[in-house]
Amino acid sequence: MTSTVIITGASSGVGLYSAKALAKRGWHVVMACRNLEKAKAAAEEVGMSADSYTLMHIDLGSLDSVRKFVDDFRASGKTLEALVCNAAIYMPLIKEPLRSPEGYELTMTTNHLGHFLLCNLMLDDLQRSPAAEKRLVILGTVTHNPDELGGKIPPQPNLGNFEGFEKGFKDPISMADGKAFEPVKAYKDSKVCNVLTMRELHRRFHESTGLVFSSLYPGCVAETPLFRNHYPLFQKLFPLFQKYITGGYVSQELSGERVADVVADPDYNQSGMYWSWGNRQKKGRKSFAQRVSPQARDDEKGKRMWELSARLVGIAETANL
């Protein structure tokens, strides 16, 4: 049986090269993207064979789009052996928040709430697969963690007591902690929520289902299209800084191989892990399980995030957990 993996945001960057790496390993990749024409062209450009992937539309910034994607996937009749939550937006230059169709701040919706809903809806699909091993992987980032050098640059992520979640992110509330909008912090907050989601999935479902839940930071992919909304000078200088000053540069190709390892390699069959390759991102460097940020390892914060996120996306909170 050919294993199937869904990768969100697979039309460029880490998602595209993860798709390429897993297709090379014999997986069938569902490239879940907003722009299917772009995804098709990208798959062809990196040499993926037409029978190694399926294009399916999803917009993580719309909860209705996420639900339609799940319905469409189930209608395809495919089994699901892995889900990779990779898609993200980063808009550091905007002055006012953008909004999802539900009225929520768009960065938090796309990066966290859309994936939170997708993970919850697809747990049954993963469990139904006859494969012995199934994994759900959520992409992390060093910027979620002020304990790490790459995470010390302000503004720091701060979820507060989820005041923004509690108030439904309705205008004018835009931030998780209910404070004034700051686009870089919005991104970092959303990535803390991604790690909290992984840890809560592990706590709630690993023992009863056997599913493996993990996150990873594949390294500083300085040339990823994630930075396309930054200043052009930043886009030019940041890769050079990472290559020649910090030594932290990682190619898109290598990042994709690292994601593929966490999805498919037997060495990564440990649930609840946050995988990293350290600050010096050299090819051949060994991975290790890294401690996540203080906020992301706060179990009470994780429970509250789960409860409020479930309310925002319209799913039932799991009882007695």
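- A salt bridge between Lys68 and Asp71 is absent, with no side-chain N of the basic residue lying under 4.0 Å from a carboxylate O of the acidic one.
- Crowding of Lys170 atom NZ: a count of heavy atoms from other residues, nucleotides or ligands under 6.0 Å exceeding 12.
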**OP:** Carefully, step by step, assess Phe116 and Trp306 under the rule ring pair (Phe, Tyr, Trp, His ring centres under 6.0 Å).
**Re:** CA-CA 9 Å; Phe116 179 86; Trp306 187 281; 4.8 Å; yes

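- Transitive grouping of hydrophobic side chains (ILVMFWY, heavy atoms separated by less than 4.5 Å) brings Leu117 and Leu196 into a common cluster.
- A salt bridge links Glu307 with Arg311: the distance from a Lys NZ or Arg NE/NH1/NH2 to an Asp or Glu carboxylate oxygen falls below 4.0 Å.
- The shortest side-chain heavy-atom distance between Trp27 and Val263 falls under the 4.5 Å cut-off.
- At least one donor-acceptor pair closer than 3.5 Å links the side chain of Gln295 to the backbone N or O of Pro157.
- The closest donor-acceptor contact from the side chain of Asn161 to the backbone of Glu163 lies at 3.5 Å or more, if one exists at all.
- The nearest pair of heavy atoms linking Ala180 to Met175 is O-CG, 3.4 Å.
- A donor-acceptor pair under 3.5 Å is absent between the side-chain atoms of Asp177 and the main chain of Phe162, judged by distance alone.
- Side-chain atoms of Thr54 and His28 include a donor-acceptor pair closer than 3.5 Å.
- Residue Arg199 comes nearest to Asp299 through the heavy atom pair NH2-OD1, 3.3 Å, listed as atom of the first residue, atom of the second, then distance.
- In the hydrophobic clustering of ILVMFWY residues, with side-chain heavy atoms under 4.5 Å counting as a link, Phe181 and Leu98 come out together.
- Between the side chain of Ser52 and the main chain of Ser49, a donor-acceptor pair closer than 3.5 Å is present.
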Original post:
Is there a side chain to side chain contact (heavy atoms under 4.5 Å, CB included) between Ser276 and Leu216 once you walk through the steps?
Top reply: CA-CA 6 Å; Ser276 178; Leu216 76 151; over 6 Å; no

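- Here the side chains of Phe69 and Met122 are in contact, with some heavy-atom distance below 4.5 Å.
- In this structure, the side chains of Met56 and Asp72 come closer than 4.5 Å at one or more pairs of heavy atoms.
- In this structure, Ile7 and Val30 have side chains that are not in contact, with every pair of non-hydrogen atoms separated by 4.5 Å or more.
- Ionic pairing of Glu257 and Arg25 is present here: one or more N-O contacts between side-chain nitrogen and carboxylate oxygen are shorter than 4.0 angstrom.
- The pair Arg304-Glu300 does not count as a salt bridge, with every side-chain nitrogen at least 4.0 angstrom from each carboxylate oxygen.
- How far CG of Leu113 is from CE of Met108: 7.0 Å, rounded to the nearest 0.5 Å.
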Original post:
Should Phe73 and Ile6 be marked as a side chain to side chain contact (heavy atoms under 4.5 Å, CB included) after you check the CA-CA gap, both sets of side-chain angles, and the distance that decides it?
Top reply: CA-CA 10 Å; Phe73 178 80; Ile6 294 170; 3.9 Å; yes

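- Between the side chains of His115 and Thr197, no donor N or O sits under 3.5 Å from an acceptor N or O.
- For the pair Phe165 and Leu312, the minimum side-chain heavy-atom distance is below 4.5 Å.
- Remark: Ser62 OG to Tyr104 OH distance equals 11.5 Å, nearest 0.5 Å.
- Under a 4.0 Å N-O distance rule, the pair Asp125/Lys78 does not qualify as a salt bridge.
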**OP:** May I have the step-by-step check of side chain to side chain contact (heavy atoms under 4.5 Å, CB included) for Leu201 and Leu136, ending in yes or no?
**Re:** CA-CA 9 Å; Leu201 284 165; Leu136 194 160; 4.1 Å; yes

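- Cluster membership check: Met198 shares its hydrophobic cluster with Val313, using side-chain heavy-atom separations under 4.5 Å among Ile, Leu, Val, Met, Phe, Trp and Tyr.
- In summary, the aromatic rings of Trp275 and Tyr268 are positioned with their centroids under 6.0 Å apart.
- The two residues Leu126 and Arg135 come nearest to each other via the heavy atoms CD2-O, 4.2 Å.
- Residues Leu83 and Leu118 approach most closely at CD1-CD2, 4.0 Å, considering heavy atoms.
- Side chain of Glu133 to backbone of Asn269: no donor-acceptor contact under 3.5 angstrom is found.
- When all heavy atoms of His206 and Phe213 are compared, the pair lying nearest together is N-CE1, 3.8 Å.
- Proximity of Thr8 to Val84: side-chain heavy atoms (C-beta onward) are nowhere separated by under 4.5 Å.
- For the 3.5 Å distance criterion, the side chains of Thr209 and Gln127 fail to qualify, holding no donor opposite an acceptor.
- By the 4.5 Å heavy-atom criterion applied to side chains, Glu182 and Val184 are counted as neighbours.
- Separating the NZ atom in Lys188 from the OG1 atom in Thr107 is a distance of 13.5 Å, to the nearest 0.5 Å.
- With hydrogens and angles ignored, the 3.5 Å screen pairs no side-chain donor or acceptor of Asn86 with any backbone N or O of Ala10.
- Considering only heavy atoms from C-beta on, Leu308 comes within 4.5 Å of Glu166 through its side chain.
- Using a 4.0 Å cut-off between charged side-chain N and carboxylate O, Glu45 and Lys38 make no salt bridge.
- Under the 4.0 Å criterion applied to side-chain N and carboxylate O atoms, Arg258 and Glu253 are not assigned as salt-bridge partners.
- Leu80 and Val212 fall into different hydrophobic clusters, defined by Ile, Leu, Val, Met, Phe, Trp and Tyr side-chain heavy atoms under 4.5 Å apart, directly or through other members.
- Lys40 places no side-chain N or O within donor-acceptor distance of the main-chain N or O of Leu55, the cut-off being under 3.5 Å.
- Side-chain contact, Ser65 with Asp59: no donor N or O sits under 3.5 Å from an acceptor N or O.
- Between the SG atom of Cys85 and the CG atom of Leu139 there is a distance of 8.5 Å, given to the nearest 0.5 Å.
- Residues Ser100 and Glu102 bring a donor and an acceptor atom of their side chains to less than 3.5 Å of each other.
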Subject >> side chain to side chain contact (heavy atoms under 4.5 Å, CB included) evaluation trace for Arg99 with Asp171 >> reply: CA-CA 9 Å; Arg99 297 283 174 179; Asp171 194 33; 3.5 Å; yes

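- The two residues Gly302 and Glu200 make their nearest non-hydrogen contact at O-CG, 3.4 Å.
- When hydrophobic clusters are built by joining Ile, Leu, Val, Met, Phe, Trp and Tyr residues whose side-chain heavy atoms come closer than 4.5 Å, directly or via intermediates, Leu123 is grouped together with Met305.
- In this structure, the separation between NZ on Lys179 and NZ on Lys185 is 7.5 Å, given to the nearest 0.5 Å.
- Separation of atoms OH (Tyr274) and CZ (Arg291) is listed at 14.0 Å; rounding is to 0.5 Å.
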